[in-house]
Amino acid sequence: MTEKTRRTPRQSRSEATVDAILEAAFQLLEADGVEALTTNHIAERAGVSVGTLYQYFAGKQAILAALAQRRAAAARDRIAEIVIANSSVERPELGAVRLIVRTLATAFEGSPATRRALLDALTLAGGDDVVMRHHLTFFDTIAGKTAFGFPLSPEAGFVLTHAVVGLLRAATAETELALNPARLEDELVRLMEAYIGALVAAPHGDGNSPR
């Protein structure tokens with residue numbers, strides 16, 4: 001089946017099938033790792049035929065990419081909600097910053113190997129600019145709905161959206177460091193709080209939109 005004729009999940013039954021396939025893939029990924037993951041095993045766990053699976057996905061890598069994209073988009077949208085809810089205050093509360101960091105840290109749940117496999121699939125499918133596209137979508141979402149206590153220049157927006165993501169990606173890849181998740185969260189919160197504090201304290205010129 002070509003990409004042109006592959007189905008998209010527009011109806012509730014189709015959406016349920018896709019949900020089952022993605023959940024099955026995650027369960028098997030956690031249990032056996034990416035190397036042992038096959039479309040036959042995924043279909044069996046999801047309770048669908050292999051033919052049905054291929055109506056929606058080109059193969060294993062496409063399933064992993066869809067799973068990663070779904071979780072990344074959910075985290076992005078949740079962070080947009082947090083930012084909008086806290087944008088009326090001059091400086092975001094510590095709890096809001098921690099919640100944002102935690103949302104990013106848990107966007108790809110599971111073992112370090114599972115998170116690494118999902119991040120790899122996301123990058124492979126979306127290219128090196130996948131983070132940039134989420135960055136742009138995020139600012140499109142909050143446009144006109146936020147009132148920060150500091151000018152949000154394109155450069156500041158870049159740092160705010162990329163700093164924690166970049167460090168979390170490095171932590172996922174560098175498993176030999178055996179970083180403690182709770183302590184890493186504390187340090188990332190400290191980093192973002194300090195940066196936001198510096199933005200608030202800086203002289204306020206005419207800020208440009210991150211877009």
Side-chain angles (χ1 to χ4, degrees), residues 26 29-30 67-123 126-143 145-202 207 209-211:
F26 176 77
L29 186 62
E30 270 287 272
L67 179 58
Q69 175 61 30
R70 174 176 290 195
R71 298 196 174 192
R76 181 198 66 219
D77 293 345
R78 174 60 181 140
I79 291 169
E81 292 174 359
I82 296 168
V83 170
I84 291 169
N86 284 271
S87 66
S88 60
V89 297
E90 186 169 303
R91 177 174 175 175
E93 297 178 358
L94 174 61
V97 175
R98 183 172 294 277
L99 185 55
I100 289 170
V101 170
R102 187 169 296 169
T103 299
L104 286 168
T106 58
F108 297 129
E109 59 183 324
S111 67
T114 293
R115 294 197 300 271
R116 188 162 55 250
L118 292 177
L119 280 170
D120 289 347
L122 186 65
T123 303
D128 292 336
D129 61 349
V130 63
V131 175
M132 181 195 70
R133 291 199 298 275
H134 280 286
H135 166 94
L136 296 177
T137 301
F138 169 78
F139 280 107
D140 282 343
T141 301
I142 68 172
K145 303 174 184 176
T146 55
F148 297 110
F150 52 84
L152 191 60
S153 67
E155 294 76 18
F158 174 84
V159 172
L160 286 169
T161 59
H162 284 65
V164 173
V165 170
L167 289 168
L168 287 171
R169 290 175 73 179
T172 298
E174 299 171 24
T175 54
E176 298 84 358
L177 297 176
L179 299 175
N180 180 286
R183 292 177 183 173
L184 179 60
E185 178 183 297
D186 288 342
E187 295 305 320
L188 292 173
V189 170
R190 192 195 313 272
L191 173 69
M192 298 311 295
E193 274 285 292
Y195 184 65
I196 292 171
L199 290 175
V200 172
S209 165
R211 290 299 305 271

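This is a predicted model, so every value here is computed, not measured. Quick note: numbers below take in every heavy atom, side chains included, and nothing from hydrogens, waters or symmetry partners.
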Engineer: Measure the shortest side-chain to side-chain distance between Phe26 and Thr114 over non-hydrogen atoms and say whether it is less than 4.5 angstrom.
Structural biologist: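 Of all side-chain heavy-atom pairs linking Thr114 with Phe26, at least one is under 4.5 Å.
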
Engineer: Looking only at non-hydrogen atoms, find the nearest pair between Ile84 and Thr141 and report the distance.
Structural biologist: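 It is CD1-O, 4.3 Å.
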
Engineer: Can you tell me how far apart OG1 (Thr137) and CZ (Arg76) are? Round to the nearest 0.5 Å.
Structural biologist: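 CZ of Arg76 is found 5.0 Å from OG1 of Thr137.
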
Engineer: Is the shortest side-chain heavy-atom distance between Phe138 and His134 below 4.5 Å?
Structural biologist: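 Answer no - side chains too far apart.
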
Engineer: Less than 3.5 Å apart, which donor and acceptor atoms pair up between the side chains of residues 156-173 and the rest of the protein, not counting sequence neighbours?
Structural biologist:
residue: Thr161; atom: OG1; partner: His135; partner atom: ND1; Å: 2.6
residue: Thr161; atom: OG1; partner: Gly157; partner atom: O; Å: 3.0
residue: Thr161; atom: OG1; partner: Phe158; partner atom: O; Å: 3.3
residue: His162; atom: ND1; partner: Phe158; partner atom: O; Å: 3.1
residue: Arg169; atom: NH2; partner: Thr123; partner atom: OG1; Å: 3.4
residue: Thr172; atom: OG1; partner: Leu168; partner atom: O; Å: 3.0

Engineer: Distance from Leu118 atom CG to Arg70 atom CZ, nearest 0.5 Å?
Structural biologist: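 The CZ atom of Arg70 is 12.5 Å from CG of Leu118, to the nearest 0.5 Å.
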
Engineer: Can you pull out every ring-ring contact (aromatic ring centres under 6.0 Å, His included) where at least one residue sits in residues 177-197? Sequence neighbours excluded, please.
Structural biologist: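 Non-adjacent pairs meeting ring-ring contact (aromatic ring centres under 6.0 Å, His included): zero.
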
Engineer: Please round to the nearest 0.5 Å and tell me the distance separating atom CG of Leu184 and atom CG of Leu191.
Structural biologist: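 Atom-to-atom, Leu184:CG and Leu191:CG are 10.5 Å apart.
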
Engineer: Please report the closest heavy-atom contact between Leu122 and Ala72, naming both atoms and the distance.
Structural biologist: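 What the structure gives for the nearest pair is CD2-CB, 4.2 Å.
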
Engineer: So, taking the atom named CZ in Arg71 and the one named CG in Leu119, what distance separates them when rounded to the nearest 0.5 Å?
Structural biologist: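 Here the rounded value is 12.0 Å.
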
Engineer: If a pair satisfies salt bridge (Lys or Arg N to Asp or Glu O under 4.0 Å) and one of its residues is in residues 177-190, list it, with sequence neighbours excluded.
Structural biologist: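 Counting only pairs at least two positions apart or across chains, the salt bridge (Lys or Arg N to Asp or Glu O under 4.0 Å) contacts touching residues 177-190 are Arg98-Glu185, Arg98-Asp186, Arg102-Glu185, Glu187-Arg190.
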
Engineer: Under the side-chain contact (heavy atoms from CB on, under 4.5 Å) criterion, do Leu99 and Arg78 qualify, and how do the steps go?
Structural biologist: CA-CA 10 Å; Leu99 185 55; Arg78 174 60 181 140; 3.7 Å; yes

